[in-house]
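Down below is the structure, laid out as structure tokens.
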Amino acid sequence: MWYSSSWRFRAPISVDFSAWSTGASDIRVTLSAAWDLFWDNVASDGKDVRVCTADGATLVGKIYLQTWNYSTKSCVLDIEQITPSKACQAQLWL
């Protein structure tokens with residue numbers, strides 16, 4: 001299952017929750033300027049960026065483009081209210 005058939009590009013990202021204990025967490029993800037596949041498939045304003053849980057269909061709480069500069073390929077996402085089921089390496093979908 002996928003979030004929306006109109007979103008043609010998705011990629012897994014790994015998040016380290018190994019130090020997580022309980023409750024929801026806020027995380028920050030920095031995307032590499034060298035990740036051409038992402039930068040070649042995202043809108044220049046970043047408004048099409050979505051993050052889903054490991055099932056690929058459920059949107060995570062809230063995401064904020066903390067840093068966004070398409071021309072210099074700079075992106076830092078703040079993702080709020082992630083609740084892993086256990087301390088682990090988790091996969092999200094971008």
Would you give me the side-chain donor-acceptor pairs under 3.5 Å for residues 34-43, sequence neighbours excluded?
{"unit_1": "D36", "atom_1": "OD1", "unit_2": "K73", "atom_2": "NZ", "d": "3.4"}
{"unit_1": "W39", "atom_1": "NE1", "unit_2": "S32", "atom_2": "O", "d": "2.9"}
{"unit_1": "N41", "atom_1": "ND2", "unit_2": "L37", "atom_2": "O", "d": "2.7"}

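- Side-chain contact between L65 and L77 is present, with at least one heavy-atom pair separated by less than 4.5 Å.
- Linking Ile, Leu, Val, Met, Phe, Trp and Tyr residues whenever their side-chain heavy atoms come within less than 4.5 Å places V49 and Y70 in a single cluster.
- Connection of I13 to F9 is established within a shared hydrophobic cluster, with ILVMFWY side chains joined at heavy-atom distances below 4.5 Å, either directly or through further cluster members.
- Looking at V29 and L31, their side chains come closer than 4.5 Å, going by heavy atoms from C-beta outward.
- Residue R28 comes nearest to D78 through the heavy atom pair NE-OD1, 2.6 Å, listed as atom of the first residue, atom of the second, then distance.
- Considering only heavy atoms from C-beta on, L59 comes within 4.5 Å of C52 through its side chain.
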